[in-house]
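Below is one structure; the comments refer to it alone.
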2 protein chains.
Amino acid sequence: MVLPNKPVRGSTSGVPIMALFDLLGQRWNLRLMWELRQGPKTFRGLQSACGGVSPSVMNGRLKMLSEAKLIVQSDQGYTLSPLGAELMDELDPLRGWAKKWASEIGTKA
Amino acid sequence: MVLPNKPVRGSTSGVPIMALFDLLGQRWNLRLMWELRQGPKTFRGLQSACGGVSPSVMNGRLKMLSEAKLIVQSDQGYTLSPLGAELMDELDPLRGWAKKWASEIGTKA
DNA sequence: AACAATGCTTCTATTTTCGTAGCACAACAA
DNA sequence: TTGTTGTGCTACGAAAATAGAAGCATTGTT
């Protein structure tokens with residue numbers, strides 16, 4: 001259970017940002033939330049949006065993100081909670097940074 | 001090798017932000033960079049800052065982050081590259097969000 | 001009744017991560 | 001010269017996380 005004020009991997013302090021890093025540092029969590037930005041998605045919809053994550057892992061993540069109150073389930077499927085949506089807003093500028101990163105690295109596909 | 005414009009887990013598009021998520025979604029990467037915000041750290045210094053990550057994993061991460069040009073090695077130890085420092089600046093507002101998150105969740109240690 | 005879609009669970013296999021130990025090199029001290 | 005200390009790592013077995021495929025129960029539709 002990864003929540004703020006709880007000790008997490010590599011930090012017993014429970015400092016909120018560390019809990020966040022521990023949560024986001026688990027594969028798919030960030031991506032899952034990102035895919036929910038534009039609105040609700042079903043379990044299978046999310047799965048395919050993420051390129052076929054295995055359902056067992058995804059289910060675990062969905063539970064974890066629900067406990068952390070970052071997503072909620074509605075009759076439309078899974079959605080960001082208001083809190084989760086705010087987090088995604090904070091992350092939005094990363095799109096710009098990532099483009100710059102790509103161009104400065106100059107990687108060819 | 002996780003770089004922008006390269007296909008990554010769950011996305012063959014090579015869209016920069018996906019590469020970023022794949023990179024940051026690997027354990028310790030985000031935390032390692034975060035610990036470098038305030039200046040250079042030695043290998044072992046970084047290791048203990050992160051609560052004793054195993055050196056083999058950490059070494060792998062350091063290589064990965066170097067390839068991605070987010071960190072560099074100086075005689076002072078490992079440091080953020082200008083690009084990496086910019087990323088951390090973008091992430092800085094998360095501190096505020098995380099506090100709010102903690103208070104709204106109301107978790108007791 | 002048959003079909004399709006949804007939200008999962010279960011299983012095994014592979015990959016990642018952890019944790020400890022230790023090596024090779026450099027700087028310094030005795 | 002011989003320690004000792006600090007550094008950046010590598011090696012290796014064990015544990016945990018992730019992947020991938022299959023399938024089940026429920027709901028709704030035809």
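Every chain is numbered from 1 and lettered A, B, ... according to where its sequence line falls, protein lines coming before strand lines.
- Applying the side-chain hydrogen bond (donor to acceptor under 3.5 Å, both in side chains) rule to pairs touching residues 36-50 of chain A yields nothing, sequence neighbours excluded.
- Between A:Phe43 and A:Tyr78, the ring-plane angle classifies as tilted under the 30° and 60° cut-offs.
- For the residue pair B:Ala68 and B:Val2, the shortest heavy atom distance occurs at CB-O, 4.3 Å.
- Remark: A:Gln73, A:Tyr78 in residues 65-84 of chain A come within less than 4.0 Å of DNA chain C through at least one heavy atom.
- B:Ala98 approaches A:Pro16 most closely through the heavy-atom pair O-CB, 3.4 Å.
- A salt bridge is defined here as a Lys NZ or Arg NE, NH1 or NH2 lying under 4.0 Å from an Asp or Glu carboxylate O, and B:Lys63 with B:Glu67 fails to meet this definition.
- Among the heavy atoms of the strands, none lies under 4.0 Å from A:Lys41.
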| task | Could you encode protein contacts along nucleotides 17-30 of chain D as a string, one character per nucleotide from 5' to 3', using B for base contact, S for sugar-phosphate-only contact and - for no contact, with a heavy-atom cut-off of under 4.0 Å? | result | -SBBBB--------

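- For B:Trp101 (side chain) and B:Gly96 (main-chain N/O), no donor-acceptor pair under 3.5 Å exists by modelled atom type.
- Scored by the side-chain hydrogen bond (donor to acceptor under 3.5 Å, both in side chains) test, B:Ser66 finds no partners at all (sequence neighbours excluded).
- Straight-line distance from the CG atom of B:Asn59 to the P atom of D:dT7: 16 Å, rounded to whole Å.
- Using a 4.5 Å heavy-atom cutoff, the side chains of B:Leu3 and B:Leu23 are not in contact.
- Residue pairs meeting the salt bridge (charged side-chain N to carboxylate O under 4.0 Å, His left out) criterion with at least one partner in residues 78-89 of chain B, sequence neighbours excluded, are A:Lys100-B:Glu86.
- For the side chain to side chain contact (heavy atoms under 4.5 Å, CB included) with B:Trp28, the qualifying choice from B:Val53, B:Leu65, B:Leu62 is B:Val53, the only one to do so.
- Where DNA chain C meets chain B (any atom under 4.0 Å from a heavy atom), the bounding nucleotides read 5' to 3' are C:dT17 to C:dA21.
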